[in-house]
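Written out below as structure tokens is the structure these notes cover.
Side-chain atoms are counted along with the backbone in the values below, which use heavy atoms only and exclude waters and symmetry mates.
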Amino acid sequence: MEVASMERVGLIETEVAGQLWDYWEELRPAGDAMPARAAFLPQRVPESLPYTMLTEAQSAAWETVRLMGTAIDALMPTRDRTFDSASRIDAALRGLYQGLCAVRAERPVVTLRKSRLLMNDGRRLGFEILHLPLRAPAPGTTPVLACLAPYRAPPPGLRFDHGPDYERVDALWLHGLDHPLGWSDLPAPMVAYLVDARVPVHFARVDTAVDPAAVPGRRGSALARSA
């Protein structure tokens with residue numbers, strides 16, 4: 001099977017996320033959609049590793065962290081290693097998180113979102129949030145490399161504020177590795193969040209922005225505005 005490639009140029013802006021993407025691409029065997037989890041060597045991505053997590057999608061609602069970089073660990077408000085989407089997050093944003101988890105659990109997909117995350121001092125910091133799938137040794141779980149790459153290094157002492165308005169998504173890319181993704185592949189609550197928040201959505205490649213008229217029941221929405 002010939003595997004499509006998502007362009008990095010003009011898409012991934014930070015060196016932290018870019019190094020992980022390049023290594024993931026290097027690990028992909030010819031004709032395979034994703035590298036094996038066993039092939040991932042953390043020491044090969046020294047710049048990315050502090051901001052990288054290895055998670056496993058256990059269901060459509062939550063993920064378990066198997067490896068967490070030191071920088072992300074320092075930003076977490078708790079030591080909980082299970083991200084339960086039903087915690088303090090706003091219901092609309094929870095629909096996005098549960099939808100992304102469901103999509104990752106069902107098929108190999110690369111996702112990238114440009115977001116502003118709320119910190120415990122009230123300010124918002126910009127992050128590139130990159131998810132790269134890995135092939136599990138056995139069926140039942142979906143290993144994913146998750147990189148939270150800041151545009152600027154957060155000052156010491158800051159932590160994420162996982163409150164109702166924790167994340168504001170400025171743009172989202174979804175790239176299916178086994179087949180092109182479309183609106184019909186996304187859960188309804190996820191679509192509702194993306195449309196209501198006017199998030200520019202790109203399927204497959206950076207240069208294929210969404211046609212607003214293609215959103216079921218949302219003709220004329222502002223999804224296709226530039227990021």
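- A salt bridge is absent between D121 and R159; no separation between the charged side-chain nitrogens and carboxylate oxygens falls under 4.0 Å.
- Between L54 and V65, every side-chain heavy-atom pair lies at or beyond the 4.5 Å cut-off.
- Within the 4.5 Å cutoff, side-chain heavy atoms of L145 are placed close to those of L20.
- Side-chain contact between L41 and Y23: present, with at least one pair of heavy atoms (C-beta onward) separated by less than 4.5 Å.
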- Query: Would V45 and F40 count as a side chain to side chain contact (heavy atoms under 4.5 Å, CB included) if you check the C-alpha gap in whole Å, the side-chain angles of each, and the deciding distance to 0.1 Å?
  - Reply: CA-CA 10 Å; V45 285; F40 175 68; 4.2 Å; yes
- Task: Take F160 and F127, measure what ring pair (Phe, Tyr, Trp, His ring centres under 6.0 Å) needs, and give me the verdict at the end.
- Result: CA-CA 12 Å; F160 296 133; F127 283 79; 5.7 Å; yes
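- Although no hydrogens or angles enter the test, the distance criterion places no donor-acceptor pair under 3.5 Å between the side chain of D22 and the main chain of Q19.
- By the 4.5 Å heavy-atom criterion applied to side chains, L172 and P200 are not counted as neighbours.
- The NE2 atom of H131 sits 9.0 Å away from the SG atom of C101 when rounded to the nearest 0.5 Å.
- Annotation: the span from L177 atom CG to R107 atom CZ amounts to 11.0 Å, rounded to 0.5 Å.
- Here CG of L67 is found 8.0 Å from OG1 of T52. Values are rounded to the nearest 0.5 Å.
- With rounding to the nearest 0.5 Å, the separation of OG1 in T111 from CG in L132 is 8.0 Å.
- Minimum interatomic distance between Y166 and D161 (heavy atoms only, all atoms of both residues): CD1-O, 3.1 Å.
- With hydrogens and angles ignored, the 3.5 Å screen pairs no side-chain donor or acceptor of E128 with any backbone N or O of P150.
- A distance of 7.0 Å separates CG in L194 from CG in L186, rounded to the nearest 0.5 Å.
- Linking ILVMFWY residues whenever their side-chain heavy atoms come closer than 4.5 Å, directly or via other members, leaves L148 and L118 in distinct clusters.
- A salt bridge (Lys or Arg N to Asp or Glu O under 4.0 Å) with E167 is found for exactly one of R116, K114, R113, R124, namely R113.
- Checking side-chain atoms of Y193 against main-chain N and O of G99 turns up no donor-acceptor pair under 3.5 Å.
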- Using the side chain to side chain contact (heavy atoms under 4.5 Å, CB included) rule, take V144 and L134 through it: C-alpha gap first, then chi angles, then the decisive distance, then the call. CA-CA 6 Å; V144 177; L134 299 173; over 6 Å; no
- Query: Should H175 and V109 be marked as a side chain to side chain contact (heavy atoms under 4.5 Å, CB included) after you check the CA-CA gap, both sets of side-chain angles, and the distance that decides it?
  - Reply: CA-CA 6 Å; H175 178 54; V109 57; 5.6 Å; no
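- Across all their heavy atoms, L181 and V103 have their closest contact at CD1-CG1, 4.5 Å.
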- Run the side chain to side chain contact (heavy atoms under 4.5 Å, CB included) check on R94 and D90 step by step: do they pass? CA-CA 6 Å; R94 189 162 65 244; D90 174 80; over 6 Å; no
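- Note: F203 and W173 fail the aromatic proximity criterion, with ring centroids not under 6.0 Å apart.
- Note that the CG atom of L75 and the OG1 atom of T70 stand 10.0 Å from one another [nearest 0.5 Å].
- One hydrophobic cluster, built from ILVMFWY side chains closer than 4.5 Å, holds both V16 and L158.
- No donor-acceptor pair under 3.5 Å is formed between the side chain of R66 and the backbone N or O of E56.
- Taking 4.5 Å as the limit, every side-chain heavy atom of L11 sits out of range of all side-chain heavy atoms of W21.
- Looking at I12 and L130, their side chains come closer than 4.5 Å, going by heavy atoms from C-beta outward.
- When side chains are defined from C-beta on, V110 counts as touching P133, because their heavy atoms get closer than 4.5 Å.
- Considering only heavy atoms from C-beta on, P143 stays 4.5 Å or farther from T55 through its side chain.
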